[in-house]
Amino acid sequence: MKNTENYNESKLLKFLYHTVPGRVVLKLFTSPVISKIGGAYMDSGLSRIHIRGFIKNNGIDMSEYEKTDYQCFNDCFTRKILPQKRPVCMEENALISPCDARLSAYHIDENSFFFIKHSRYRVSDLIADSRCAPDYQGGVCLVFRLCVDDYHRYGYVDSGEIVENRKIQGKLHTVRPIAVNQYPVFTQNSREYSIMRTENFGTVAQIEVGAMMIGKIKNHQTSGKVLRGTEKGMFLYGGSTIVVLIEKNKVKLPDVYFENTKNDMETRVYYGSKIGEKWKQDMGL
């Protein structure tokens, strides 16, 4: 049975990104001002009328979440999951997923470029003017795409220390492939990045990217010590993305992530689950 809400949303996105009148409207939709207005509504008590339909249309099992009385739609959207439903892997040297998401994996070339769909990205554009980040050439880029029905709180991929944090204002395109195929979304969108010196994976960049109708990336701290799996923050209404950059020869990842990505497939991962491990010198790679 077709999900009417998702079907109508897809029709709207095709109009916005594939027609001339749609692109005119898109300029308004991607404005942070419009996002702030939408965000204010989702924070108001009036937005409670959308909660029941959102849960039903997206098939969300609310028994997995803490029971509470939601005062607005964003309270529901940022609902907290029961800890036992997302156990954090605490194996020594484990790299964990920072969130529930669809994962794509890319190699960063010797010129610090990588490609997502048909868009080319330079690492320095993602973490503009960073004082502490390495160039990441030869490393990996992990893109975690969250959908509207996913758990929208996220954590740290490893223990360590935040040595730099920066917010970058920008536009707010959707992070769905329809936009990624036409715009360098991750360098245009509003985003916030943290540069962390981690215990196992060198200097890691973790970048939260806002999407259409999300003007708010809500992180809990901007400096100091952090622990693997501890909640870093949350996205308010919409789907969004987390990008993680890791240096060369710091992490060993399953080949299937890269193979799936080459075949235009995403790998389902969950907050706290092990997705890689520390690079060992005796691997001979």
Side-chain angles (χ1 to χ4, degrees), residues 95-109 112-128 130 133 135-158 168 170-196 201 204-212 214 217 232-235 238-248 250-276:
L95 177 74
I96 67 164
S97 172
C99 57
D100 285 15
R102 282 78 172 167
L103 169 64
S104 298
Y106 305 88
H107 294 288
I108 302 170
D109 70 20
S112 295
F113 284 107
F114 57 95
F115 287 83
I116 298 177
K117 301 295 181 180
H118 302 296
S119 296
R120 185 176 78 160
Y121 293 87
R122 188 195 300 270
V123 168
S124 59
D125 293 331
L126 279 179
I127 48 176
S130 172
D135 56 23
Y136 292 107
Q137 64 178 13
V140 294
C141 170
L142 303 177
V143 178
F144 300 85
R145 184 175 68 90
L146 292 78
C147 294
V148 293
D149 56 326
D150 281 323
Y151 181 49
H152 268 70
R153 293 175 182 251
Y154 48 84
Y156 296 99
V157 296
D158 192 31
I168 299 174
K171 298 181 179 180
L172 286 166
H173 286 281
T174 177
V175 293
R176 290 190 175 196
I178 193 170
V180 176
N181 286 341
Q182 297 186 55
Y183 297 90
V185 167
F186 303 126
T187 59
Q188 287 189 1
N189 278 23
S190 299
R191 59 197 184 278
E192 183 170 349
Y193 68 75
S194 300
I195 307 299
M196 302 177 290
F201 305 102
V204 170
Q206 184 165 329
I207 307 152
E208 290 83 42
V209 183
M212 190 176 290
I214 305 179
I217 297 167
K232 185 177 191 291
M234 67 189 79
F235 292 112
S240 205
T241 297
I242 294 174
V243 178
V244 174
L245 305 176
I246 304 176
E247 297 174 85
K248 181 180 180 180
K250 294 296 184 181
V251 65
K252 176 63 177 175
L253 297 164
D255 292 336
V256 67
Y257 297 158
F258 298 98
E259 293 169 0
N260 283 349
T261 301
K262 286 180 182 178
N263 292 318
D264 285 329
M265 296 170 56
E266 298 170 303
T267 305
R268 197 74 167 94
V269 294
Y270 295 93
Y271 188 132
S273 61
K274 180 179 178 180
I275 59 171

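In this text, all values refer to a predicted model and were calculated from it rather than measured experimentally. For the single chain, residues carry numbers from 1 onward in sequence order.
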Could you report the tightest heavy-atom contact between Pro98 and Gln206, atom names first, then the distance?
CB-NE2, 3.9 Å
What I'd like to find out is whether the side chain of Val204 reaches to under 4.5 Å of the side chain of Val244, using heavy atoms alone.
yes
Apply side chain to side chain contact (heavy atoms under 4.5 Å, CB included) to residues Asp135 and Val123 and explain how you reach the verdict.
CA-CA 7 Å; Asp135 56 23; Val123 168; over 6 Å; no
Below 4.5 Å, heavy atoms only, C-beta onward: do Leu95 and Ile246 meet side chain to side chain?
yes
Lys248 versus Gln137, closest heavy-atom pair with distance:
CB-O, 3.8 Å
Quick one: pull up NE2 in His107 and SG in Cys141 and give me the separation to the nearest 0.5 Å.
11.5 Å
Going by the rule side-chain contact (heavy atoms from CB on, under 4.5 Å), which residues pair with Asp100 if we only count those two or more places apart in sequence or in a different chain?
Arg86, Asp150, Tyr151, Arg268, Tyr270, Tyr271
Under the side-chain hydrogen bond (donor to acceptor under 3.5 Å, both in side chains) rule, collect the residues that match up with Ser97, sequence neighbours excluded.
none
Nearest atoms (heavy-atom pairs only) where His152 meets Cys147:
CE1-O, 2.8 Å
Considering residues at least two apart in sequence or located in another chain, which fulfil the side-chain hydrogen bond (donor to acceptor under 3.5 Å, both in side chains) criterion with Thr261?
none
When rounded to the nearest 0.5 angstrom, what distance separates CE in Met196 from CG in Asp158?
8.0 Å
Of the non-hydrogen atoms in Ala133 and Ile127, which two are nearest, and what is the gap between them?
CB-CD1, 3.6 Å
Taking the side chain as every heavy atom from C-beta outward, state whether Tyr257 and Ile275 have any pair of such atoms under 4.5 Å apart.
yes
Check side-chain contact (heavy atoms from CB on, under 4.5 Å) between Lys274 and all other residues, then give those that pass, not counting sequence neighbours.
Cys89, Glu91, Ala94, Glu277
Under 3.5 Å, is there a donor-acceptor pair between the side chain of Tyr136 and the main chain of Ala205?
yes
Identify, with sequence neighbours excluded, every residue that meets ring-ring contact (aromatic ring centres under 6.0 Å, His included) alongside Phe201.
none
Report the residues that fulfil side-chain hydrogen bond (donor to acceptor under 3.5 Å, both in side chains) with Glu247, sequence neighbours left out, ordered by chain and then residue number.
none
Rounded to the nearest 0.5 Å, the CD1 atom of Ile108 sits from the CZ atom of Arg122 at a distance of 13.0 Å
Can you tell me how far the CZ atom of Arg153 sits from the CG atom of Leu146, to the nearest 0.5 Å?
13.0 Å
Do Ile217 and Phe235 come close enough that some side-chain heavy atom pair is under 4.5 Å?
yes
Out of curiosity, Met265 CE to Thr267 OG1, how far, rounded to the nearest 0.5 Å?
7.0 Å
Within the distance-only criterion (no hydrogens, no angle test), does the side chain of Tyr193 pair as donor or acceptor with the backbone N or O of Ala128 below 3.5 angstrom?
yes
Are any non-hydrogen side-chain atoms of Glu192 and Ile207 less than 4.5 angstrom apart?
no
Closest contact, heavy atoms only, Phe144 versus Cys99:
CB-SG, 3.7 Å
What are the two closest heavy atoms between Gly276 and Leu253, and how far apart are they?
CA-CD2, 4.0 Å
How long is the span from the CG atom in Asp264 to the OG atom in Ser104, to the nearest 0.5 Å?
8.5 Å
